[in-house]
Amino acid sequence: MALDIAFWILAVVSVFAALAVVLLRNIFRAALSMMVCFLMVAGLYATLGADLLAVVQVIIYIGAISILIILSIMFTRDVWQASSSSVVGLPAIVASVLFGGVVIFLTLNSRWQTAAPAAPQPTTSSLGASLFGQAGYALPLEISAGLLLAAVIGAMVLVREK
Amino acid sequence: MTVGLQHYVVLSAILFSIGLYGTLGRRNAIVVLMGIELMLNAANISLVAFSRYLTPPALTGQVFALFVIVVAAAEAAVALAIIMTIYRNRRTIEVDKIDLMKW
């Protein structure tokens with residue numbers, strides 16, 4: 001089935017890209033492989049039938065956040081290679097492997113009440129209805145607008161030359 | 001074997017663990033931030049997969065994923081501003097050298 005093949009390709013590529021993000025010595029290459037990982041996650045959203053989220057992922061993560069990260073890597077250029085070794089090498093590896101192992105074990109051993117997935121519908125109009133509708137998420141939407149405004153003003157105040 | 005909910009949740013756990021290692025184990029503050037973004041992405045995959053396989057008509061998981069993306073964008077902007085301010089003042093962005101408030 002085409003969706004299964006797409007899932008396996010996206011999953012393998014995204015795991016390798018994520019490994020490259022945390023293991024590569026060159027931070028610029030790490031940022032580029034982070035963009036690859038975000039693109040694969042957008043593809044995973046598409047295989048899950050979340051069309052709007054896939055587009056939002058490409059626009060915000062690849063278009064905005066990655067560019068912001070690459071820009072700040074270029075601003076802090078002379079400390080690129082200095083970040084080679086890790087602060088707490090072995091404890092970090094143990095903690096992350098332990099966490100991943102526990103979550104995978106619990107996932108494989110719990111009985112999910114999965115419903116049969118329906119054929120994917122366009123989700124944009126129903127997402128908009130649940131965001132702006134009567135019994136929806138209008139208040140969190142307004143709060144997130146305030147959060148974005150506060151973040152923009154805070155970032156500008158922080159990086160302003162005194 | 002057809003791909004189901006467990007595949008997506010296991011993939012999300014793997015990506016989260018990789019991001020956790022990047023956050024805990026690397027020195028460069030920008031790599032730490034990239035690890036955090038990886039973890040947020042992994043959580044989003046779980047949310048969308050649960051929304052597709054557990055509650056198919058309701059799109060609650062996708063709405064939550066949208067809010068997570070919004071908060072991640074705000075967090076990235078503020079975190080990178082903090083990193084650039086620290087770099088301007090102390091000429092380093094290595095997290096073990098930023099020990100001004102360490103007792």
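Remember, it's a predicted structure, so these values are computed and weren't measured experimentally.
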What are the two closest non-hydrogen atoms of [X] and [Y], and how far apart are they?
X: B:Gln6; Y: A:Ser110; answer: NE2-O, 3.9 Å
X: A:Arg160; Y: B:Arg88; answer: O-NH2, 3.3 Å
X: B:Leu20; Y: A:Ala95; answer: CD2-O, 4.3 Å
X: A:Val21; Y: B:Val31; answer: O-CG1, 4.3 Å
X: A:Cys37; Y: B:Leu38; answer: SG-CD2, 3.6 Å
X: B:Ser17; Y: A:Ser96; answer: O-CB, 3.3 Å

Do you reckon [X] sits in the same ILVMFWY cluster as [Y], going by side-chain contacts under 4.5 Å, direct or chained?
X: A:Met40; Y: A:Ile5; value: yes
X: A:Trp8; Y: A:Phe16; value: no
X: A:Leu147; Y: B:Val63; value: no
X: A:Met34; Y: B:Ile36; value: yes
X: B:Val71; Y: B:Leu33; value: no

Between [atom1] on residue [X] and [atom2] on residue [Y], distance to nearest 0.5 Å:
X: B:Leu11; Y: A:Ser14; atom1: CG; atom2: OG; answer: 4.5 Å
X: A:Ile69; Y: B:Leu80; atom1: CD1; atom2: CG; answer: 5.5 Å
X: B:Asn41; Y: A:Ile65; atom1: CG; atom2: CD1; answer: 8.5 Å
X: B:Arg52; Y: A:Thr47; atom1: CZ; atom2: OG1; answer: 8.5 Å
X: B:Arg26; Y: A:Arg25; atom1: CZ; atom2: CZ; answer: 5.5 Å
X: B:Tyr8; Y: A:Thr107; atom1: OH; atom2: OG1; answer: 15.0 Å

Inset, instruction - May I ask you to check whether A:Phe99 and B:Phe16 place their ring centres under 6.0 Å from each other? - result: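 Centroid distance B:Phe16-A:Phe99: below 6.0 Å, so yes.
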Inset, instruction - Could you tell me which of A:Leu68, A:Leu19, A:Leu48 has the largest number of non-hydrogen atom pairs under 4.5 Å with chain B? - result: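 Looking at each option in turn, the highest pair count goes to A:Leu48.
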Inset, instruction - Against chain B, work out which of A:Pro140, A:Gly154, A:Ala64, A:Gly136 has the most heavy-atom pairs shorter than 4.5 Å and name it. - result: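 With the most close heavy-atom pairs to chain B, the winner is A:Pro140.
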Student check: side-chain heavy atoms of [X] and [Y] closer than 4.5 Å:
X: B:Ile14; Y: A:Ile104; result: yes
X: B:Ile69; Y: A:Leu53; result: yes
X: B:Leu24; Y: A:Pro91; result: no
X: A:Phe38; Y: B:Glu37; result: yes
X: B:Thr23; Y: A:Val22; result: no
X: A:Phe75; Y: B:Ile93; result: no
X: A:Tyr137; Y: B:Leu66; result: no
X: B:Leu40; Y: A:Tyr61; result: yes

Where does [X] contact chain A at under 4.5 Å (heavy atoms): side chain, backbone, both or neither?
X: B:Val32; result: neither
X: B:Ala72; result: both
X: B:Met84; result: side chain
X: B:Leu15; result: side chain
X: B:Ile45; result: both

With a 4.5 angstrom heavy-atom cut-off, could you sort out which part of [X] is near chain B: side chain, backbone, both or neither?
X: A:Ala50; result: both
X: A:Leu71; result: neither
X: A:Leu108; result: both
X: A:Thr123; result: both
X: A:Ala31; result: both

Inset, instruction - List in chain and number order the residues that pass side chain to side chain contact (heavy atoms under 4.5 Å, CB included) with B:Leu5, two or more places apart in sequence or in another chain; answer none if no residue qualifies. - result: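 B:Leu5: side chain to side chain contact (heavy atoms under 4.5 Å, CB included) contacts with A:Trp112, A:Thr114, B:Val9, B:Ala49, B:Phe50, B:Tyr53, B:Leu54.
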Legend entry - Within 6.0 angstrom of A:Arg29 CZ, more than 12 heavy atoms from elsewhere: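 For A:Arg29, atom CZ is not crowded (no more than 12 foreign heavy atoms under 6.0 Å).
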Inset, instruction - Classify the side-chain pair B:Tyr87/A:Ser72 by whether it contains a donor and acceptor separated by less than 3.5 Å. - result: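 The criterion, which ignores hydrogens and geometry beyond distance, is not satisfied for A:Ser72 and B:Tyr87.
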Inset, instruction - Any chance you could lay out the side-chain contact (heavy atoms from CB on, under 4.5 Å) test for B:Tyr21 and A:Val97, step after step, and finish with the verdict? - result: CA-CA 8 Å; B:Tyr21 172 71; A:Val97 167; over 6 Å; no
